[in-house]
Amino acid sequence: MRNLKLTALGALACILLAGCAEKDDIERKVDELLSKMTLREKIGQMHQVSGGADLAEAAAKGEIGSILNCVDPDQINAVQRAAVEQSRLGIPVIVGRDVIHGFRTIFPIPLGLAATFDPELVEQGARVAAVEATASGVRWTFSPMLDIARDPRWGRVAEGSGEDPYLDTQMGVAMVRGYQGDDLADASSMAACIKHFVGYGAVEGGRDYNSTMISERSLRNTYFPAFKACVDAGALTLMTSFNEIDGIPSTGNDFLLRDVLRKEWGFDGMVVTDWNSSGEMIAHGFAKDLKQATEQSVNAGVDMDMMSFGFINFIEELVAEGKIKETTIDDAVRNILRLKFRLGLFDNPYVDASKTRAAAYTPESLEAARRSAAESAILLKNDGGVLPLDDVRTILVTGPMADAPYDQLGTWAFDGEPEHTVTPLAALRERYDVIYEPGLAYSRDRNTADLAKVRAAAARAEAVVVFVGEEAILSGEAHSLSVLNLQGAQSELIAEAAKSGKPVVVVVMAGRPLTIERDLANCDAMLYSFHPGTMGGEALADIIEGKISPSGKTPITFLRDAGQAPFYYNHNNSGRPCNGTETLLEDIPMQAGQTSLGCTSYYLDTGYGPLFPFGYGLSYTTFEYSGIALDSTTLSKDGVLGVEFDLTNTGGRDGVEVVQLYTRDLVGSVVRPVRELKRFERVALAAGETKHLRFEIPVADLAFWTRDMKYEVEPGEFQLWVAGDSASGEPHAFTVE
Ligand code: BGC
């Protein structure tokens with residue numbers, strides 16, 4: 001036994017030593033190459049340009065470090081040949097692309113991936129994306145987006161994992177692992193880029209690119225954790241964000257880029273700006289011109305400029321004027337060269353174009369996409385067990401999203417090909433006798449002329465399935481909305497279907513949580529599918545038919561009305577929390593006294609609660625939590641919180657429950673959130689089955705940034721919940737001494 005342990009230790013030491021040797025070797029190569037470079041060549045490395053073969057000439061002159069937005073392997077090879085074979089030092093370019101939720105095989109949008117609560121599956125999806133994209137020559141993706149988003153008006157809510165720092169962290173790390181693979185130098189490894197650093201999701205009013213005001217404590221407690229975890233997981237690059245925080249744009253923020261990222265977290269990867277975010281500091285009113293913006297960006301700690309053209313045009317002058325030190329440039333270039341060595345680009349700069357197409361849409365990739373879409377669908381309502389539709393033959397399929405191969409791919413699906421999309425209409429036709437009457441041509445369509453046809457067709461069907469939602473263009477970057485109701489005449493379409501008296505199932509395919517309260521009232525069942533990607537149709541049909549029981553949970557709070565935003569489950573309490581006795585508009589007597597309604601924190605029209613809380617989602621079966629017991633209710637700071645419980649499938653079908661564990665720190669040196677997600681797990685249970693489950697959480701995981709700005713656990717009283725969503729369960733008390 002002892003020998004075995006020694007051998008294992010020896011093996012570990014060898015791996016660590018080999019890792020160190022490899023690191024040293026890369027650092028040696030970086031320094032050696034750097035010592036041969038002219039200032040002009042160094043600046044060239046710091047310059048990233050959008051384009052393809054047209055950039056070969058610049059690459060041959062050593063004036064480009066990276067290109068983005070080219071996915072043609074022949075063009076990529078042409079630029080690479082110019083860089084490697086014609087430039088003086090033969091430094092390869094790195095090719096970047098927004099591969100956000102798949103490359104050719106499109107997976108659900110990241111918000112949908114988060115709804116799976118299945119990091120393993122998300123990692124698998126990122127691997128698929130990496131294999132497909134690298135086969136085209138793309139070795140760097142601008143993903144994962146880690147922006148915490150608590151305001152669904154913001155269109156980019158689609159691109160992240162929602163409102164919770166822990167879920168965001170799990171999803172982000174899974175994506176980094178999937179993209180980067182086990183061996184960075186392998187041709188199928190793609191550098192991840194964690195973005196947007198930082199606070200971009202907190203833009204005021206949910207309007208894209210807007211200002212943010214986030215305290216340092218809130219940055220540390222809420223917005224940093226996923227970035228820090230991804231840095232620890234080895235993310236190779238990071239992108240600065242467009243927004244300013246308290247007046248300082250991220251691209252010129254040395255506190256973020258030097259003090260936190262480099263010094264505190266020890267990041268040795270590369271920092272790239274967002275698209276012209278250096279130049280945009282002029283519009284912000286932070287820099288007077290591009291030259292000053294360049295000075296601010298480089299001195300703040302940016303290594304590579306995406307598309308402002310400031311670095312290539314002004315760094316030489318700024319160095320000559322002593323405004324930027326050449327050692328600062330050397331550090332930036334080291335970060336860039338290190339990345340290229342790590343990815344093995346010097347040894348294998350070219351992509352084998354003969355293999356590009358074969359890498360796309362493999363049966364395994366399509367299956368992973370289908371599973372992801374299935375696991376991400378959230379069942380919000382199922383009155384009378386209308387779903388699954390397993391005892392009907394003839395269904396009416398209606399709605400503008402039933403057969404929208406482009407739109408169901410969602411935002412940032414640049415390289416997805418709609419001709420490979422399986423729409424719900426196509427998949428349902430394989431399984432039912434389908435009457436198809438779209439009713440509306442697209443999600444914004446206000447023309448109600450065809451709604452009568454829908455009602456007439458419903459009379460001939462046993463059930464109606466209405467596919468509504470948002471076209472892809474309505475979410476994503478620069479696509480914020482101030483009203484979140486279904487667009488066009490989609491609500492009228494649902495109401496029309498309801499008039500038929502037939503069971504009505506609504507499937508929403510959208511880029512954000514829409515305000516669907518009135519639509520819920522007009523249907524028997526509702527499935528919510530954040531744009532589900534290439535295989536969305538198959539996945540949704542599997543669920544509608546009952547082959548799969550839905551298991552997705554809301555990764556973001558669903559609002560009654562956009563006016564409630566920002567709204568999130570893990571909020572701090574006001575001094576007058578609503579106690580459930582709110583008086584709503586219609587109940588207020590005329591000329592009621594000023595204080596007669598009580599004085600608590602809620603809206604007179606929408607009340608206090610959301611439509612659906614974070615972590616919510618039904619199944620075709622039901623689950624019961626019982627026997628929740630803590631190992632000990634008094635713990636030390638270095639202890640482990642152990643909790644056991646039984647989970648029973650109390651319904652008649654097999655299903656999967658996403659078990660969630662939340663805690664609350666009752667009194668802190670600063671006000672603490674009313675609940676915080678600390679763990680989750682997908683648990684599959686056969687009908688009637690009970691499983692005994694256990695979570696173990698180091699007490700250290702209850703740490704936060706205290707009043708003294710220290711990251712620590714404060715002793716005191718805590719509560720714990722084990723439940724199926726963030727608003728259920730009974731609190732269990734424990735104390736940390
Ligand atoms: C977006 C980034 C993206 C970049 C490159 C920007 O507009 O904000 O998320 O990675 O463009 O396409």
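Counting starts at 1 for both ligands and their atoms, in listed order. FYI, side chains are in, hydrogens and waters are out, and symmetry mates aren't considered; it's all heavy atoms of this structure.
In the model, Thr212 has no side-chain atom that pairs as donor or acceptor with a side-chain atom of Glu244 under 3.5 Å. Defined by atom type and a distance below 3.5 Å, a donor-acceptor pair is present between the side-chain atoms of Asp305 and Ser308. Inspection of the Glu375 and Thr116 side chains reveals no N or O donor paired with an N or O acceptor under 3.5 Å. Side chains of Ser297 and Thr294: no donor on one and acceptor on the other come within 3.5 Å. A side-chain donor from one of Tyr361 and Glu417 sits under 3.5 Å from a side-chain acceptor of the other. Side-chain N/O atoms of Ser143 and Tyr179 include a donor and acceptor closer than 3.5 Å.
Of all protein heavy atoms, the one lying nearest to atom 7 (O) of ligand 1 is Glu477 OE1, 2.8 Å. Summary of contacts: the protein heavy atom closest to atom 6 (C) of ligand 1 is Asp274 OD1, 2.9 Å.
Under 4.0 angstrom from ligand 1, the non-hydrogen atoms of Arg156 all belong to its side chain. Counting heavy atoms under 4.0 Å from ligand 1, residue Glu159 does not touch it at all. Proximity of His196 to ligand 1, defined as any heavy-atom pair under 4.0 Å, is confined to the side chain (atoms from C-beta onward).
Of all heavy-atom pairs between Ile315 and Ile329, the closest is CG2-CD1, 3.5 Å.
Note: no N/O pair closer than 3.5 Å links Trp412 and ligand 1 by distance alone. Of the polar atoms of Tyr200, none of the N or O atoms is found under 3.5 Å from an N or O of ligand 1, judged by distance alone. The shortest N or O to N or O distance between Asn69 and ligand 1 is not below 3.5 Å. The N/O atoms of Asp98, backbone and side chain alike, include one that comes under 3.5 Å of an N/O atom in ligand 1.
Atom numbering of ligand 1 starts at 1 in the shown order; those under 4.0 Å from a heavy atom of Lys195 are 2 (C), 3 (C), 9 (O), 10 (O). Annotation for ligand 1: atoms under 4.0 Å from non-hydrogen atoms of Phe142 are 10 (O).
Under a 4.0 angstrom heavy-atom cut-off, Met239 registers as being in contact with ligand 1.
Here Phe227 and Trp265 keep their ring centres 6.0 angstrom or further from each other.
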